[in-house]
2 protein chains.
Amino acid sequence: MDESEKLQTHRRGSGVSTVYETLRNEIIELKLPPGSPIDEQQLSDRFALSRTPIREALVRLAAEGLITTLTNRATIVSNIDFLGLPEFFDALTLMYRVTTRLAAANHAEGDIAAIRVRQKAFEVAVTNRDVLGMISTNRDFHIAIAQAGQNRYYVELFTRLLDEGRRILRLYYSSFNDVLPRQYVGEHEEMIQAIINRDVALADSLASAHADQIVGQIRSYITADSRQNARLAL
Amino acid sequence: MDESEKLQTHRRGSGVSTVYETLRNEIIELKLPPGSPIDEQQLSDRFALSRTPIREALVRLAAEGLITTLTNRATIVSNIDFLGLPEFFDALTLMYRVTTRLAAANHAEGDIAAIRVRQKAFEVAVTNRDVLGMISTNRDFHIAIAQAGQNRYYVELFTRLLDEGRRILRLYYSSFNDVLPRQYVGEHEEMIQAIINRDVALADSLASAHADQIVGQIRSYITADSRQNARLAL
DNA sequence: TGTATTTTTCTTGTCGACAAGAAGTCGGCA
DNA sequence: TGCCGACTTCTTGTCGACAAGAAAAATACA
């Protein structure tokens, strides 16, 4: 564990959000893998805080579904719910579509620039073959679009879904190839153009196709047949 | 304030959820109107609990956006965001449609019965001209449909939206007339039938129209011109 | 030796108290 | 009389300690 945060003295009220954000990131990046036990005492030592603020951060994480608390027993990082994957895909696809539509309809001064920054970062990650970077910059790109759409309900749900998606993708990130990501860059570019032109219908269909791509990719990872000797002659 | 809860001794762990649920209800039913200050000490006395479990309940409420905490200062019941109403209507309509569609597609054994129970309760409230009852039974009806749709992401968002809607409707419930509610009963009936027949397209369009009705009604409340002397000859 | 029961240990849930920060109050000064 | 600054008071944020509950360990018994 990194002990650098142990020394700094916290200003009042900042502690909780620091713990919250740190843990949140570590959970999403699978630094804390699903099922990991969360020990309050340990976190208390690590952040040099009493258990009370730690606890508050944990309550917030639990409200988001990132951790699961077994009453009076243990609290662990939530497992990835593979059985609920179809629901997840459905909601994810819907949010891709709605946010992109709204961005085309509602985007204001400056939104496009923000989206372009994220797209640039994604491109860099792709050319560097930085898989982890691709996953997180892709998320940022789509959240920027959602923000341009000006609907906080969608932004919130979409953020949750994309972050849950990050966890899943991390599990399989070794099987990432750079063919599809390359294609994503182009698809992103088309989406930006549709948004600029305020072409809602086109934005929708592009987002829909994009979502299908991503969902299809995740599904292929999960159901991948990696048996080395599946076709071995016996 | 009701002091009945003060005497009972709590079993470990139950306190937080009790406080959470009680406050949640009181906020949604405007028993605690928007802007009301939330005093931890006071709640501590009221529930006969220390401030720690109270605090946890408040953190959960804050995560849901029901209360707002001004750091180091006060914590108040969140205001109703009239500026964000268009976003709210958009998301609400979308959720009406998606959940009803999914219910038609996915509903399983027993779901219909559960929906019928809620519909019956709504009918009773309408015939009794019980406005507050209508608002909450209508909510229950649509959540039952959402649950039949089997997508927890939609159920969660929809619940939040409907509860926020309850707050808004309570503000205007005096202007409720019984014409539209009567119409809602019929619309609900049609939706149930479409779901049973697994007619996704029909379920969608019914839900869409239903949403338009409700949104339109809320909008008319808000923009109602109640000036008694607007057309007074001078 | 295997099982049931008690004991121990560890983690969570709760408590009362203290510290920091902000608003309101009071008094001083122009 | 009106404005500025120190002081008071109140609420929130944090702490260390205790209590309850559950799993693990140890013991007794068949």
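Throughout, protein chains are lettered first and strands after them, A, B, ... in sequence-line order, and every chain is numbered starting at 1.
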Proximity of Tyr173(A) and Tyr221(A) rings by center, below 6.0 Å: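 Aromatic pair excluded; centres sit 6.0 Å or further apart.
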Distance in Å, Met95(A) CE paired with His142(A) NE2, rounded so as to fall on 0.5 Å steps: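 The NE2 atom of His142(A) is 14.0 Å from CE of Met95(A), to the nearest 0.5 Å.
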Tyr153(B) side chain to Asp90(A) side chain, donor-acceptor N/O pair below 3.5 angstrom: no
Any residue of residues 62-72 of chain A with a heavy atom less than 4.0 Å from an atom of DNA chain D: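 Those residues are Asn72(A).
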Within residues 52-59 of chain B: residues closer than 4.0 Å to DNA chain D (heavy atoms):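 Within residues 52-59 of chain B, the residues near DNA chain D are Arg55(B).
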Pair [X] + [Y]: basic N to acidic O under 4.0 Å:
| X | Y | value |
| --- | --- | --- |
| Asp163(B) | Arg160(B) | no |
| Glu29(B) | Arg167(B) | no |
| Glu164(A) | Arg170(A) | no |
| Asp81(B) | Arg152(A) | yes |

Minimum-distance pair of heavy atoms, taken over all atoms of Gln217(A) and Ser220(A): O-OG, 2.7 Å
Whether Ser44(A) side chain and Leu49(A) backbone form a donor-acceptor pair below 3.5 Å: yes
Aromatic Phe141(B) / basic Arg118(B) pairing, under 6.0 angstrom, 45° off normal: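 Checked: cation-pi criterion not met.
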First and last nucleotide of DNA chain C, 5' to 3', lying under 4.0 Å from heavy atoms of chain B: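 In short, chain B contacts DNA chain C from dT12(C) to dA23(C).
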Sugar-phosphate, base or nothing in reach of Gln41(B), heavy atoms under 4.0 Å: nothing
